Amino acid sequence: MRFARNVAFGLFSVALLGFGNLARADAIDDALGDAASSSTTASASTSSPAIEKPTFSPLAIAAPFYEQFNEDWDSRWKVSHAKKELKDDAATEEWAYVGQWSVEEPTVLKGIEGDKGLVVKNVAAHHAISAKFDKPIDNTDKTLVVQYEVKLQNGLDCGGAYLKLLKENADLHAEEFSNASPYVIMFGPDKCGGTNKVHFIFKHKNPINGEYEEKHLKSPPLAKITKQTTLYTLIVKPDQTYEIRIDGKEASKGSLLENFNPSVNPPAEIEDPEDKKPEDWVDTAKIPDPDATKPKDWDEDAPYEIVDEDAVKPDDWLEDEPEFIPDPESVKPEDWDDEEDGDWIAPNIPNPKCEDASGCGKWEKPMKANPAYKGKWTAPMIDNPAYKGPWAPRKIPNPNYFEEKTPANFEPIGAVGLELWTMTKDILFDNIYIGHSIEDAEKLQKETFEVKKAIEKEEEAANAPKAPEPPKQVVDFKEDPVAFLKAKLEPFMAVAQRDPVGAIKAFPEVAGTLGVLLFTMLAILGSLITAATKPAKVNKAPASDKKPEIKIQEAAKAEGSASESEKPKASRRTSKKA
């Protein structure tokens, strides 16, 4: 009813400020309507606004290998169905490369419409895929640039997202690509447990024995774990230096000859494996003084502690009180059987009388450190006159020594591959560049990565939880009751539509007032219903008609009573008045 609603809104305004001066009901209705519509608008605004995105267009760059995963990508990339080679040669079916690949647009923070990438589709599975180059890459006296994008759409819990540049090999078949396939360079992020780094490993051939050895970067940079696209760039120059960039910024740089372990070049000298320490070689620097003797007054048997004869029993020591007494509140269990369990004895508790005293029970003199104690005598240490110093084998020329001055002249590279195991799916790879031009790589960065990165940042910021707006200035109720009620109700209603419980916690005074308002409305509604259903009141008759009315009422009362004793009374009373 309009009346009940107006009264309720009036009560709400009184409860908010305690004023008796009520706003007009229609003005309050308008305020509440505005608050509800504004809360609806606020709720709708939580969805991120549409962000204008460019449409993908292939970028023409000439390079030994360049991949944007266009429509003909599957003519270059081949999925491996080999089995992972184990060290114990116990390869089984569960170690097969069964992970699936797909070329698709990102599902998280898409930067460019129609821009697709190569996506890892399974968790806890081994994935392997590779693309053979049209012709091998020879890096002799050239700059090598490896650049590609990684998008961790679901983060990275445990797994790798690195590339392998595979050694050119006539027997290199994509269907058999596996962890055992020889590679020249491994580059890219890897994270699992305590490991979080960007690998840079290259294989180097020992020119003397022909064996290959992995050279690991000593201090690799940390991988960037984000759902936005990350750009990884490796540059190796003919001066034997390297540089790693992440998102176009320098993350690590150094020398192939100095910053890798094990070192490219072995030491010129090594310890002679045939050299043995002479039997008379003395490498003990200190010995006990052979001329020292134990002093005559040195008593090795003197105890470490002795009784303190000067100690005196404290005045408050309760020698007649035991430290522990039977618990007076302890009761023998009902199921205790003296024959089977023995005589029951109450457990002991600390004697409460001893709490404020120095101690209870028999007092004994305490122990103290023995000033005469010296312990076991040993001769003092002196310099060993026969000492010759620490022994070490002599140095001899390293028979396996060589000097490699150009490790950046890698062996020919014939293919690029992704051989991964991951616990996170939907890792996306895109815009792979392998060539010799830093300028082309930077152009690719500027026209693809930087474009999508800016949009991803904007979209992520738009989808981020909005910080609560500062509370509006509450106007005075007397000055503007409509604005006052809007200021009170708008934030409450906006929150209540999404989280009623949170709204009550955040605005307890508004929730409490609305609770009182609801109770009052129900009470008013109940009163109106009661008034509507109550029998109409009978008008009193004139004085001359009063006696007949009493007769009728009393007669009806007597007739409707279940007690027989009431009937004579009614008759007598009626007769008397008649």
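The structure presented is a predicted model; accordingly, all values stated were derived computationally and were not measured.
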Worked check of salt bridge (Lys or Arg N to Asp or Glu O under 4.0 Å) between Asp272 and Lys395: CA-CA 6 Å; Asp272 184 358; Lys395 296 287 186 178; over 6 Å; no
Given side chain to side chain contact (heavy atoms under 4.5 Å, CB included), test Leu156 with Lys191 step by step and report yes or no. CA-CA 7 Å; Leu156 187 61; Lys191 179 180 180 296; 3.9 Å; yes
Would you please test Asp430 and Lys452 for salt bridge (Lys or Arg N to Asp or Glu O under 4.0 Å) and show each step? CA-CA 12 Å; Asp430 197 7; Lys452 71 174 66 175; 3.5 Å; yes
Might you work through the side-chain hydrogen bond (donor to acceptor under 3.5 Å, both in side chains) test for Glu419 and Asn179, ending with a clear yes or no? CA-CA 7 Å; Glu419 189 266 317; Asn179 64 315; 5.6 Å; no
Please report the C-alpha distance between Leu222 and Val198 in whole Å, then the side-chain angles of each, then the deciding distance to 0.1 Å, and finally whether the side chain to side chain contact (heavy atoms under 4.5 Å, CB included) criterion is met. CA-CA 6 Å; Leu222 295 177; Val198 178; over 6 Å; no
After noting the C-alpha distance and the side-chain angles of Glu243 and Arg245, does the key distance pass the salt bridge (Lys or Arg N to Asp or Glu O under 4.0 Å) rule? CA-CA 7 Å; Glu243 180 183 358; Arg245 299 177 184 176; 3.1 Å; yes
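Looking at Tyr373 and Glu300, their side chains never bring a donor and an acceptor atom within 3.5 Å of each other. Defined by atom type and a distance below 3.5 Å, a donor-acceptor pair is missing between the side-chain atoms of Gln445 and Gln147. There is a side-chain donor-acceptor pair under 3.5 Å between Thr107 and Gln153. When only modelled atom types and interatomic distance are considered, Ser263 and Asn265 share no side-chain donor-acceptor pair under 3.5 Å. Looking at Trp336 and Asp338, their side chains do bring a donor and an acceptor atom within 3.5 Å of each other.
The two atoms that bring Leu166 and Ser130 nearest to each other are CD1-CB, 4.4 Å, heavy atoms only. Across all their heavy atoms, Trp317 and Cys360 have their closest contact at CZ2-O, 3.6 Å. Among all heavy-atom pairs drawn from Asn154 and Lys425, the shortest one is ND2-O, 3.3 Å.
Annotation: Glu329, atom CD; neighbour count of heavy atoms from other residues, nucleotides and ligands within 6.0 Å does not exceed 12. Remark: Asp320 CG is loosely packed, at most 12 non-hydrogen atoms of other residues, nucleotides or ligands lying under 6.0 Å away. Enclosure of atom NZ in Lys457 is not indicated, since only 12 or fewer non-hydrogen atoms of other residues, nucleotides or ligands lie within 6.0 angstrom.
In this structure, CE in Met381 is found 9.0 Å from OG1 in Thr284, a value given to the nearest 0.5 Å. Taken to the nearest 0.5 Å, the NZ atom of Lys227 stands 12.5 Å off from the CD atom of Glu456.
Under a 4.0 Å N-O distance rule, the pair Asp275/Arg394 qualifies as a salt bridge.
Using cut-offs of 30° and 60° on the angle between ring planes, the pair His204 and Phe402 is parallel. Relative ring orientation between Phe429 and Tyr148 is described as parallel, the plane-to-plane angle staying below 30° on a 0-90° scale split at 30° and 60°.
Screening Pro397, Pro399, Pro393 for a side-chain contact (heavy atoms from CB on, under 4.5 Å) with Ile270, the sole residue that qualifies is Pro399. None of Lys167, Glu214, Lys203, Lys164 except one satisfies the side-chain hydrogen bond (donor to acceptor under 3.5 Å, both in side chains) rule with Tyr183; the exception is Glu214.
Between Leu217 and Ile244 the shortest side-chain heavy-atom distance falls below 4.5 Å.
In this structure, Lys253 forms no cation-pi arrangement with Tyr242, as its terminal cationic atom is not both closer than 6.0 Å to the ring centre and no more than 45° off the ring axis.
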